[in-house]
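See below for the structure under consideration.
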Amino acid sequence: MSWPVLVFDIESIPDVKGLRLLRDAPQDASDAEVYAQWLQERKEANQSDFMPLHLQRILVISCVFRNAEGLRVHSFVDRDDASEGRVIQNFFNALDKHTPQLVSWNGGGFDLPVLHYRGLRHGVVADRYWCLGEGGGPDDREFKYNNYINRYHMRHLDLMDLLAMYQPRANAPLDAMAKLCGFPGKLGMDGSKVYQAYLEGKLEDIRRYCETDVMNTYLLYCRFQKMRCGFTEAEYDQEMGFVKESLAPLAATEPHWREYLDAWL
C-alpha cells in the first residue's frame, strides 16, 4: 500500500430552498409544506421519495486520512445552515494539498455526483480533482492515465463498485459487509433518519454517524488490501491494532468512538 489515503463519506438532506426555487413555490408556503407537497406528488406518481442528487444539500463530509505519519478522523460540517460551499471547498482543498488516493463506498454513484452538483452551485474550485492530464505539464502527465474521474482508475476507488465488478445488481450495502467482516457497521442511525435528525437539531449525532460510517469504509478498504496482497497478514493485523490505538484517545471524549470500539472488541 502507498499513503496517503483519504476515505470519505457525506451526509445530506433535501435542499428545500432549491426545491422552492425550481417549483416556484408560493412565498407564504412553509418549507415543510413545500416538501410535503413534493412527497405527495411523488407518491401519487408511484415514484421514489428520494430527492434527486442535485437537490441533496450537504451537511457533513467525514474523512479518515491515513498517511505515513498516522491516522486522523475529521469532519467538515455546515453548522450554520449557510456554509455548504465552504464545507465542499475545504474538502477539495484537502485533495489539492495531499493528492491522496480517494476511497469511498458508492462514492461514484452518490457522494461524488452530489459534490459535483453542489460544488458547481457554490462556485467551488477543485483544480487537482478535475485534472485529466490534458495540461501537458510534468505534474499532470500521470493524471492522464490515473485520475479521480475515470471509473476504472484507482485514484478514486469506489470499493463497492469495484467489488461488484461494476454491475449495479451485484452491489452490497456497507453495513452488511462491515458486519460480515467483523466490524461494527452502523450504530444507531442510517441514512433514512438523517433528515429527521436534522429537523430535531441533532447535527452532532449526524456527524458522529457519518464518522463511524467512514471508519467502516476504511476498515473494509484495509481488508480489501489484504485480499489483493497490498497488506500481508501481519501488516493487516498491525493496521487493525493501529486503528484501535488511534481511536482510543477519541473514545475518551467522543461517546460514539467508545461505542464503536466496544462493538468491535
Side-chain angles (χ1 to χ4, degrees), residues 1-10 12 53 58 60-76 87-120 122 124-168 170-172 174 177 210-211 213-231 235-236 239 243:
M1 286 181 63
S2 61
W3 313 123
V5 171
L6 193 155
V7 188
F8 73 102
D9 184 42
I10 73 171
S12 60
L53 299 192
I58 296 172
V60 181
I61 306 174
S62 290
C63 304
V64 170
F65 183 71
R66 178 69 163 104
N67 63 4
E69 299 174 1
L71 180 146
R72 285 175 283 168
V73 182
H74 181 75
S75 292
F76 304 102
V87 164
I88 299 169
Q89 186 65 72
N90 287 341
F91 172 74
F92 283 116
N93 287 347
L95 263 68
D96 285 348
K97 180 179 180 180
H98 300 287
T99 317
Q101 180 184 25
L102 271 183
V103 179
S104 67
W105 192 274
N106 194 33
F110 179 75
D111 304 70
L112 287 177
V114 172
L115 283 162
H116 296 170
Y117 289 130
R118 305 305 290 184
L120 191 67
H122 291 289
V124 164
V125 176
D127 176 58
R128 202 65 171 162
Y129 174 78
W130 287 106
C131 179
L132 300 177
E134 298 170 342
D139 292 339
D140 291 348
R141 199 166 297 133
E142 62 180 293
F143 279 77
K144 185 173 183 179
Y145 304 102
N146 186 21
N147 54 65
Y148 288 116
I149 306 305
N150 193 300
R151 186 182 191 184
Y152 306 108
H153 289 176
M154 294 291 280
R155 199 174 289 276
H156 167 235
L157 170 60
D158 183 336
L159 192 53
M160 184 191 79
D161 198 31
L162 176 61
L163 293 172
M165 286 299 295
Y166 311 107
Q167 301 295 323
N171 288 346
L174 173 64
M177 286 308 305
C210 194
E211 288 179 354
D213 243 17
V214 80
M215 183 56 69
N216 285 322
T217 305
Y218 178 68
L219 296 178
L220 285 172
Y221 170 74
C222 291
R223 190 81 157 213
F224 167 72
Q225 288 293 348
K226 184 178 76 162
M227 184 168 69
R228 69 186 296 265
C229 297
F231 274 145
E235 288 169 340
Y236 171 79
E239 184 66 14
V243 173

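Along the sequence shown, residues carry numbers from 1.
Applying the side chain to side chain donor-acceptor pair (under 3.5 Å) test to residues at least two apart or on different chains, the pairs with a partner in residues 157-167 are Arg151-Asp161, Gln167-Arg169.
Listed by chain and residue number, Arg66, Tyr218 satisfy the side chain to side chain donor-acceptor pair (under 3.5 Å) test with Glu239 (two or more places apart in sequence, or in another chain). Residues meeting the ring-ring contact (aromatic ring centres under 6.0 Å, His included) test with His74, sequence neighbours left out: Phe76. With sequence neighbours excluded, no residue satisfies ring-ring contact (aromatic ring centres under 6.0 Å, His included) with Tyr236. For Asp9, the side chain to side chain donor-acceptor pair (under 3.5 Å) test picks out no residue, with sequence neighbours left out. For the side chain to side chain donor-acceptor pair (under 3.5 Å) test, residues two or more places apart in sequence or in another chain that qualify with Tyr129 are His116.
Atom-to-atom distance recorded for Asp213:CG and Phe8:CZ is 12.5 Å, nearest 0.5 angstrom. With rounding to the nearest 0.5 Å, the separation of OH in Tyr145 from NE2 in His153 is 9.5 Å. Put simply, CG on Asn93 and NE2 on His98 are 10.0 Å apart, with the number rounded to the nearest 0.5 Å. In this structure, Met227 CE and Leu163 CG are separated by 5.5 Å, a value rounded to the nearest 0.5 Å. Note that CG of Leu162 and CH2 of Trp105 are 9.5 Å apart. Values are rounded to the nearest 0.5 Å.
At distances below 3.5 Å, not a single donor-acceptor pair connects side-chain atoms of Asn147 with backbone N or O atoms of Cys131. Judged by distance alone, with hydrogens and angles left aside, the side-chain atoms of His156 form no donor-acceptor pair with the main-chain N or O of Asn150 at under 3.5 Å.
Met215 is listed as a side-chain neighbour of Leu71, based on a closest heavy-atom distance under 4.5 Å. Residues Thr99 and Arg155 have side chains in contact (heavy-atom distance under 4.5 Å, counting atoms from C-beta outward). A 4.5 Å side-chain heavy-atom check between Val5 and Gln225 finds every atom pair outside the cut-off. When side chains are defined from C-beta on, Cys63 counts as touching Phe91, because their heavy atoms get closer than 4.5 Å.
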Practice problem: Begin with the C-alpha distance, continue with both residues' side-chain angles, and end with the deciding distance and a verdict on side-chain contact (heavy atoms from CB on, under 4.5 Å) for Val64 and Tyr221. | Solution: CA-CA 11 Å; Val64 170; Tyr221 170 74; over 6 Å; no

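The minimum heavy-atom distance linking Leu220 with Met177 is given by the pair CD2-O, 3.8 Å. Heavy atoms only, all atoms of each residue included: Ile61 and Ile88 are closest at CD1-CA, 4.2 Å.
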